[in-house]
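First up is the structure itself, then whatever we jot down about it.
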There are 2 protein chains.
Amino acid sequence: MTDRLTGAAGRQYVADAIRYALRSGDLVPGQRLVENDLAESYGATRGAVREALQDLAAEEILEIVPRRGARVRTVSVEEAIQITECRSALEQLCAQKAATRANEEQRAELRRIGADMRRAVTDGAWDAYSALNQRLHELVIEASGQEVARRHLDRLNGPMVRFQFRLALRPGRPAQSLPQHLAIIDAVVSGDAPAAARAAAAHLDDVIEQLRSSAVPSPTQAPPRA
Amino acid sequence: MTDRLTGAAGRQYVADAIRYALRSGDLVPGQRLVENDLAESYGATRGAVREALQDLAAEEILEIVPRRGARVRTVSVEEAIQITECRSALEQLCAQKAATRANEEQRAELRRIGADMRRAVTDGAWDAYSALNQRLHELVIEASGQEVARRHLDRLNGPMVRFQFRLALRPGRPAQSLPQHLAIIDAVVSGDAPAAARAAAAHLDDVIEQLRSSAVPSPTQAPPRA
DNA sequence: ATCAACGAGATTGTTGACAAGATGTTCGAT
DNA sequence: ATCGAACATCTTGTCAACAATCTCGTTGAT
């Protein structure tokens with residue numbers, strides 16, 4: 001209590017804590033973040049909090065406006081689509097390279113993930129499916145050896161938490177995405193680079209389609225009454 | 001001296017100054033940046049300098065190691081290739097979208113750039129060609145309306161200054177890249193999205209080829225201390 | 001009731017001094 | 001001469017107080 005987190009340690013801790021709070025819905029888009037409050041609740045110094053906020057702003061998760069503090073950035077459907085288009089471009093690259101560069105261990109894990117995904121869908125294990133989905137994307141990127149793409153994909157995903165949440169809840173979504181994921185796995189495992197790129201593109205085109213159809217009339221509607 | 005640049009203003013100014021110093025070769029990879037010196041020479045406060053350094057580190061132009069300060073990051077040929085692969089992926093996306101979305105004014109400017117490029121090559125006007133090259137890439141991105149891709153492409157280019165310098169100096173390079181640039185222009189102007197993507201890919205594949213053949217044993221060693 | 005001006009409180013920005021750690025130098029022992 | 005320990009200096013990191021600005025409720029005039 002008496003010694004608050006400071007410097008690099010506190011910075012990392014606070015940034016992670018805010019990222020987590022965002023994922024779990026404790027922070028909502030547009031919400032204001034007050035330095036003193038954060039310092040108090042996370043047991044860090046204001047300096048550490050300030051630096052953490054700067055980091056998150058660089059990741060485009062927050063928006064800092066001078067003299068007015070930090071807010072959780074709102075991502076429009078249009079921007080979410082653009083983000084996903086960029087993800088598509090980079091993941092095509094990764095899938096393609098993974099198809100030629102993945103080692104035996106990685107190919108084996110991919111096969112395992114495919115089998116587990118099938119089972120998760122038939123069992124209705126949505127949480128497990130979601131975790132496998134995440135692992136699949138990670139593994140393809142890792143197998144590609146494309147560090148630069150990995151960093152940029154991480155950055156792209158930062159502001160997307162809200163939409164991932166929304167999409168994952170759509171009924172029938174896993175059943176729809178399963179064949180796409182299996183196609184990516186097949187292509188990478190069999191070393192067919194062009195097919196891997198096409199499969200990744202097809203999958204993300206579908207995500208974009210989902211985003212389009214999730215568009216609500218207006219992100220921030222004028223409320224009926226004040 | 002009496003009033004030093006501070007806060008957001010100084011931060012921006014110092015960051016720009018360092019970026020410029022890097023482009024013009026005043027700062028070389030591996031070189032150490034001392035906060036007090038920078039504050040002194042740019043007439044900013046140490047606080048402003050610190051924040052500028054953080055920004056540049058976030059852009060992967062500098063590397064900050066705790067308690068040891070900031071250094072100009074060295075980019076290996078391997079990383080330069082990975083960066084260019086990512087550029088390729090994103091510029092394919094932009095070229096493709098530009099082909100369908102560019103307005104008349106933008107298509108007209110593209111045609112003009114194409115004509116000017118031809119002339120610059122026959123005239124041996126290398127500086128002019130380089131400027132046109134940059135404008136071409138900018139314009140394609142702008143016409144695509146892909147703001148997210150634009151931001152990420154900016155970030156990708158940050159650490160590449162050293163290589164751009166090296167490649168542009170290769171004799172016969174403009175003559176080699178001219179037809180590739182013209183192919184991009186033709187495809188975008190005529191609205192052929194797949195061709196635009198292919199042309200962009202071909203151009204950047206060639207840049208990667210150049211990078212591969214430019215590989216030297218060891219890029220640049222840490223310079224003697226200041 | 002509406003609006004503008006005002007002001008108290010809240011919040012971010014800035015500063016300068018000091019602490020903590022790294023780097024370089026000197027000097028003695030071998 | 002070489003190595004290593006003690007020391008001096010340079011550099012970054014931290015902090016607490018203060019300054020500047022914004023927010024929002026209150027007041028008073030129309």
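A note on names: the letters A, B, ... follow the listed sequences, proteins ahead of strands, and every chain is numbered from 1.
Ring-plane geometry between B/His137 and B/His203 is classed as tilted, the angle between the planes lying from 30 to 60 degrees on a 0 to 90 degree scale. Taking the six-membered ring where the residue is Trp, B/Tyr13 and B/Tyr42 present perpendicular rings, their angle passing 60° and hence far from 30°.
Straight-line distance from the CG atom of A/Leu62 to the C1' atom of C/dT12: 15 Å, rounded to whole Å. When the P atom of C/dG13 is taken as reference, atom CG of A/Asn36 falls 12 Å away, rounded to whole Å. Rounded to whole Å, the distance from CZ on A/Arg71 to C1' on C/dT11 is 13 Å. In this structure, CZ of A/Arg50 is placed 12 Å from P of C/dT15, rounded to the nearest angstrom. If you take CG of B/Leu53 and C1' of D/dT11, they are 13 Å apart, rounded to a whole angstrom. One interatomic measurement links the two molecules: CD of A/Glu35 to C1' of C/dG13, which rounds to 9 Å at whole-angstrom precision. Between the CZ atom of A/Arg67 and the C1' atom of D/dC22 there is a distance of 9 Å, rounded to whole Å.
Sequence order on DNA chain D of the closest nucleotides to B/Ile64 and A/Arg32 puts B/Ile64 first from the 5' end.
For a distance-only test at 3.5 Å, the side chain of A/Arg46 qualifies as a donor-acceptor partner of the base of C/dG13.
Of the candidates D/dC15, D/dT12, C/dT12, the closest approach to any side-chain atom of A/Thr45 belongs to D/dC15.
A salt bridge is absent between A/Asp116 and A/Arg112: the closest approach of a Lys/Arg side-chain nitrogen to an acidic carboxylate oxygen does not fall below 4.0 angstrom.
An OP1 or OP2 oxygen of C/dG21 is reached within less than 4.0 angstrom by no side-chain nitrogen or oxygen of B/Arg68. Considering only side-chain N and O atoms, B/Thr6 lies nowhere under 4.0 angstrom from the phosphate OP1 or OP2 of C/dG13.
The CG atom of A/Leu139 lies 5.0 Å from the CD1 atom of A/Ile113; values are rounded to the nearest 0.5 Å.
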